[in-house]
Amino acid sequence: MTNTYSVTTSKNCHFTYSRAEEKMEREPQKIREGYLVKKGMFNKWRPMWVTLLEDGIEFYKKKNDNSPKGMIPLKGATITNHCQDFGKRMFVFKLTTAKQQDHCFQASHQEERDAWVKDIKRASKCIAEGQRFARKSTRRSIRLPDTINLGELYVSMKDPDKGIKEMKLEKDRKVFNHCFTGICVIDWLEASKSVRNRQEGLVLASALLNEGHLQPAGDVSKSAAEGLAETTFLDTAEALYYFPDSGFFCEDNSSDDDAIVKEEFRGIIVKQGCLLKQGHRRKNWKVRKFVLREDPAYLHYYDPASGDEEPLGSIHLRGCVVTAVEEAKKQEVEGNLFEIITASEVHYFLQAASAEERKDWIKAIQTVSKIGK
């Protein structure tokens with residue numbers, strides 16, 4: 001049997017392929033990979049290392065495992081970008097296979113979720129059309145008709161000078177920090193010429209809410225978002241909203257001790273994502289979601305499987321030292337390690353998914369530690 005064969009195209013272009021090249025060409029290519037939290041049996045959520053291929057999604061218990069725990073085929077699958085079926089869990093998307101099996105994944109933040117959903121949709125479309133996956137420019141939005149790009153609009157709304165001004169508001173004996181009213185959102189959409197009237201503004205604001213670019217704060221806006229009002233978004237002064245990465249928090253009449261703890265969360269979020277963290281007692285490694293805030297400079301870490309809004313712990317970064325670790329003695333994991341040493345000389349060992357990601361985290365932490373209080 002010959003190891004080569006020829007192909008002549010409709011334009012009389014002649015190519016010769018080897019059998020090895022054909023096999024290599026048909027091998028599913030890796031499109032995206034990283035940590036996501038996956039919903040399993042009995043509503044258990046566990047962090048997994050997830051790999052998106054051209055024809056399916058593979059998920060692993062650990063990043064370095066050779067064999068996946070499972071594989072989800074993309075042919076005939078549909079995806080739900082903003083899945084609100086799990087209460088306090090944010091940034092969840094759902095993949096429904098051709099056999100009507102649901103697979104739910106939670107990203108650590110909105111941009112990460114949107115990137116996964118976009119690539120999965122394009123991979124599914126390529127399968128349906130018999131094409132190979134190829135990345136395209138992200139400059140032109142495929143969401144909402146014509147000129148509306150929710151991602152670009154969201155960035156404009158958050159602009160410190162020309163965007164929506166965040167406020168500290170009191171409602172029902174509660175203080176809402178880093179938020180704004182529904183009226184402010186519609187006013188801004190009209191002033192920025194994003195819509196022609198307030199009715200169009202309601203439609204666009206509802207789309208921003210459904211995509212997770214806006215979050216409801218307080219009982220009034222939450223009830224509307226859950227479908228208990230005529231519209232999911234309310235153009236009123238009583239309805240409060242906030243940006244998901246703004247550092248929003250709500251406080252009651254609290255003690256001085258509570259105020260000190262809440263001070264940690266006042267800083268603006270500058271970076272977030274999943275990393276492996278070594279425990280201080282058992283020295284075992286677990287996936288944790290990290291949120292980096294500046295002024296005050298804190299790195300909070302959470303259990304991504306639990307979905308709790310309360311962090312497991314925090315690292316005060318003011319005056320800390322952060323360095324890459326090339327060779328760690330007696331470590332169970334290898335590669336892309338870095339260490340944070342706080343001003344009080346507490347050591348934290350972390351592992352990023354790639355060398356580039358480690359570099360980004362180190363740079364961000366070094367910047368925050370110098371400018372944050």
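Computation of the quantities below employed the complete heavy-atom set of this structure, encompassing side-chain atoms and omitting hydrogens, waters and symmetry-equivalent molecules.
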Does atom CD1 (Ile268) have a neighbourhood of more than 12 heavy atoms from anything else shown, all under 6.0 Å?
no

* Backbone N/O of Leu240 and side chain of Ser221: donor-acceptor pair under 3.5 Å -> yes

Do Phe349 and Phe338 have their ring centres less than 6.0 Å from each other? no

The reported gap from CZ in Phe243 to CD in Gln110 (rounded to nearest 0.5 angstrom) is 10.5 Å

When rounded to the nearest 0.5 Å, the distance separating NE2 of His316 from OG of Ser369 is 10.0 Å

Counting distance only, does the side-chain N/O of Asp295 pair as donor-acceptor with the main-chain N or O of Gly267 below 3.5 Å?
no

* Asked: Are the side chain of Gln106 and the backbone N or O of Arg89 linked by a donor-acceptor pair below 3.5 Å?
  -> no

Exercise for the section: Can you label the angle between the Tyr298 ring and the His300 ring as parallel, tilted or perpendicular, going by 30° and 60°? Expected result: parallel

Exercise. If only atom types and distance count, is the side chain of Arg318 paired as donor or acceptor with the main-chain N or O of Lys370 below 3.5 Å?
Worked result: yes

| said: For the backbone of Glu33 and the side chain of Trp116, can you confirm whether one donor and one acceptor N or O come within less than 3.5 Å of each other? | reply: no

For Lys286, does the NZ atom have more than 12 heavy-atom neighbours from other residues, nucleotides or ligands under 6.0 Å away?
no

Check: In this structure, are over 12 heavy atoms from other groups packed under 6.0 Å from Asp360 atom CG?
Finding: yes

To the nearest 0.5 Å, atom CG of Asp65 lies from atom CH2 of Trp49 at 12.0 Å

Ring of Phe105, cation from Lys94 - is the NZ or CZ under 6.0 Å from the centre and inside 45° of the axis?
no

With clusters defined by side-chain heavy atoms of hydrophobic residues (ILVMFWY) lying less than 4.5 Å apart, directly or transitively, does Leu275 cluster with Leu312? yes

Check your understanding: Donor-acceptor pair, Arg32 side chain versus Val50 backbone, under 3.5 Å?
Key -> no

inquiry  = Run Tyr154 and Glu152 through side-chain hydrogen bond (donor to acceptor under 3.5 Å, both in side chains) and show every step you take.
reply    = CA-CA 5 Å; Tyr154 171 70; Glu152 292 179 0; over 6 Å; no

### Task
Answer yes or no: is there a side-chain heavy-atom contact under 4.5 Å between Val346 and Tyr348?
yes

**Asked** Does Lys165 NZ have over 12 foreign heavy atoms under 6.0 Å away?
**Response** yes

Distance col, row Ile72:CD1 vs Asp55:CG, nearest 0.5 angstrom, shows 12.0 Å

Item to complete: Assess whether atom NZ of Lys69 is packed by more than 12 heavy atoms of other residues, nucleotides or ligands within 6.0 Å.
Response: no

Could you tell me if the side chain of Ile79 sits less than 4.5 Å from the side chain of Ser124, heavy atoms only?
no

Interatomic distance, CG@Asp114 vs CZ@Phe91, rounded to 0.5 Å, equals 9.0 Å

Problem set entry | Side-chain heavy atoms of Val195 within contact of Leu202, under 4.5 Å | no

* Asked: Does Thr96 use its side chain to pair, donor to acceptor, with the backbone of Gln100 at less than 3.5 Å?
  -> no

Should Thr236 and Thr181 count as side-chain neighbours, where that means a heavy-atom distance under 4.5 Å?
no

cation_pi(Lys277, Trp285) dist<6.0 Å, angle<=45
no

### Task
State whether the side chain of Tyr35 and the backbone N or O of Leu276 hold a donor-acceptor pair below 3.5 Å, judged by distance alone.
no

Here the pair of heavy atoms bringing Met167 nearest to Cys184 is CE-SG, 3.8 Å

Under 3.5 Å, side chain of Gln101 to main-chain N/O of Thr97, donor-acceptor pair present? no

With a 4.0 Å cut-off on N to O distance, would you call Asp303 and Lys289 a salt bridge?
no

For Glu345, is the CD atom crowded, meaning more than 12 foreign heavy atoms sit under 6.0 Å from it?
no

field: Whether Arg358 side chain and Leu337 backbone form a donor-acceptor pair below 3.5 Å
entry: yes

Should we count CD of Gln199 as having more than 12 external heavy atoms under 6.0 Å?
no

Are Val270 and Val322 linked, directly or through intermediate hydrophobic residues, by side-chain heavy-atom contacts shorter than 4.5 Å (ILVMFWY only)?
yes

*asked:* What I'd like to find out is whether the side chain of Lys63 reaches to under 4.5 Å of the side chain of Asn336, using heavy atoms alone.
replied: yes

What one should report as the nearest heavy-atom pair of Thr323 and Ile362 is C-CD1, 4.1 Å

*Are Phe176 and Tyr242 an aromatic pair by the rule of ring centers under 6.0 Å?*
no

- Query: Are Tyr241 and Phe233 close enough, and set up right, to give a ring pair (Phe, Tyr, Trp, His ring centres under 6.0 Å), and what steps lead you there?
  - Reply: CA-CA 9 Å; Tyr241 301 91; Phe233 187 92; 4.3 Å; yes

Residues Ile183 and Ala237: closest non-hydrogen pair is CD1-N, 3.5 Å

